[in-house]
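One structure is given below, encoded as structure tokens.
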Amino acid sequence: MRRALPLLLLAVVGARAQNPDPSTLDGKVVLGYQGWFRCPGGGAMGTNWSHWANGMPTAASLVIDMYPDLREFEPGETCIVPGMTSGGNPVSLFSSGNSATVDRHFLWMRQYGIDGVLVQRFVTDIARNRDGGDIVLRNVMDAARRHRRVFAIEYDISGANAATLLTTLQNDWKYLVESLAVTAHPGYLHHNGKPLLAVWGIGLNDAKHPPNDPQAALQLIQWFRSEAQVSYLGGTPAYWRTLSNDAATGSQWNGVYQAMDAIQPWTVGRYSTLAAVERWKRERIEPDLAVTNQRGQIYMPVIFPGFSWYNLNRTAPQNQIPRNRGEFLWRQAYNARSAGARILKIAMFDEVNESTAMFKLAARRADAPDQGYWLTLDADGFTLPSDWYLRLAGEIARMFREPAPPAPAMPSNPGPPFTAAGAPPLSAVNAASFSGQAVAAASLATVYGEGLSVEAGALPSGLTLIDASGRGHSPTVLYASANQMNIVVPAEIATGPATLVAERGEGVLAYARIEITPVAPGVFSANSTGHGPAAAQVRLVRPDGTQSSHLVSECTPAGGCRAVPVDLGPEGSVAVLELYGTGIRGRTSLEAVTCTVGGIAAPVLYAGAQGGFAGLDQVNVLLPRSLAGRGLADIGLSVNAIAANAVQISIR
């Protein structure tokens, strides 16, 4: 069963994801990447529960409000949390030090059309990170190369020593450039012909974000721009332009902001309602853009999906800024784009401490640990898949990438797949029948496309089925070529709309949307067309107890097939037709499977897995004696009231 599997086109979507251009910020949507989580898995994974909890994770020690969806993670990739359960099952947490985890995060970025990240590099952690080999940054570099995502360094100066800040940054940047060669990485972001470097926190009106002297801040910026030859992206206070609220006062700060190549005002928590989002556009974004445009600077608004830090700050309210199904996030993105912003930062990819995380998250309270407070995606009364915010991020990235005016209404069913004119079609196919519009779990299917990536002598790994719950599955591949892959749909896949993601040449992804149903019956035909003689056999038990089996069709080397007449045997014999198909085993009951042969009801004795081949189903049908002499007869099979394709047998 390789290329002979017939092809049922279920959904053709002209859709593909292109690789982002690292030479410019224009049109980019990037997410902040903390990468600060550890768990006591030993080695690069760590020795403690850093940023998950204060000590061992318990309901009282947690410092995160949102629980990551870990269903795709491999055994050994996470650490089991002693004493915590979810529905009686052990609970795990991941480590950013694990290269497989970071690679998975960048795979998600690629699959959902997200350009890349600003990698947070905390000044207070530089020495420790370098002593540990900068394992997370190396993981990011490897994953960004593999998945063709862009990234740049963003220093976070929180808690830094004002007296040593400039020297620390200078020495570390030289180390990153000369020893780790970050700016030589093919995915490192550049702008105006120079590597991009972001520094977050300068200008905030507190002592925790030095330098508090505007001349010292200006010296830092000028060194990076003139000596290090970077395009400088400043992570500034939200009220940088008016030198008010969260911004340091004093007119000299105006010169500091004017010296930056790009400005990125921090807005997380600065507003909490849709009405406030609208005011922010009028009072901050539009005037900010007017100033930066006049100065020839690029302006990067920061948006966030919601906010909650109850476990980190037990006096704070739970679900402090509700996500409201993504409407809060979407309106911010729409306002930024419609105001004229060309780039955008979303805070953050993996920040579960303040609940701004955009990656896959526990969708229901039942999906999170039983112990403690957890903010899950159903908190605001909506049933969402775990990947909902990755899907929205992809749509937002498309909003900034495409020249068309943005849509104010959030998509009701955000991608992927994202439609693209002229994209080569990708289809999901049922392996046995041309009828129906779905495939079933644990069934045989075929992926059809153009230029699919297949390594010589190896089956591909660049194929994913993302189900309706947000979980990605890697199906078993039975056969692969540049134009076709035969697969087994995973048994544990959720029913509902699913997205098929396949890798094409040059790292480009192709998409198709398919429907996963409990059953999608198809019967194999001998000529692999879904009709004509059945690919089946008749097992005959004679009155004397002797048995024999006979194929019901035969095919010539040229590919033509014909039905071979079968004998029902002498009076008293039992003839059982063994049909082979797929998408049948999910039946509700044996009684839900019916069959007719030549219009005559034929009892179904068995309908389920064939047992010898993955995804292959078998239906055993008792042939009535009244069919003797019928000749060519159609077989009508129905499972859960869904008709399969009609095939034929000939009865002598």
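We use all heavy atoms of the structure for the numbers below, so side chains are in, but hydrogens, waters and symmetry mates are not. Everything numeric in this text was worked out from a predicted model, so none of it was measured.
Classification of the W173-Y188 ring pair by plane angle, with boundaries at 30° and 60°, yields tilted.
The backbone N or O of F94 lies less than 3.5 Å from a partner atom in the side chain of W52, making a donor-acceptor pair.
No close placement of the F106 and W108 rings is indicated, their centers lying 6.0 Å or farther apart. A centroid separation of 6.0 Å or more is found between the aromatic rings of W253 and Y239. Ring-centre distance between Y271 and F304: below the 6.0 Å cut-off.
For residues 154-170, the set of pairs meeting the side-chain hydrogen bond (donor to acceptor under 3.5 Å, both in side chains) definition, not counting sequence neighbours, comprises Q120-E154, E154-Q264, E154-K345, Y155-D172, D156-S158, S158-H209.
If you check the side chains of D387 and Y112, you find a donor sitting under 3.5 Å from an acceptor. In this model, no donor atom of one side chain and acceptor atom of the other lie less than 3.5 Å apart for D65 and Y373.
Because its NZ or CZ atom is both nearer than 6.0 Å to the ring centre of Y175 and within 45° of the ring axis, R130 counts as a cation-pi partner of that residue. Remark: R323 qualifies as a cation-pi partner of Y389 under the 6.0 Å distance and 45° angle criteria applied to the six-membered ring.
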Per-pair distances, 0.1 Å, donor-acceptor, side chain in residues 226-235, under 3.5 Å, sequence neighbours excluded:
{"from": "S226", "atom 1": "OG", "to": "Q222", "atom 2": "O", "distance (Å)": "2.5"}
{"from": "Q229", "atom 1": "NE2", "to": "R225", "atom 2": "O", "distance (Å)": "3.3"}
{"from": "Q229", "atom 1": "NE2", "to": "S226", "atom 2": "O", "distance (Å)": "2.8"}
{"from": "S231", "atom 1": "OG", "to": "H191", "atom 2": "O", "distance (Å)": "2.6"}

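Considering F359, F151, F37 in turn, F359 is the only one that fulfils the ring pair (Phe, Tyr, Trp, His ring centres under 6.0 Å) rule with H105.
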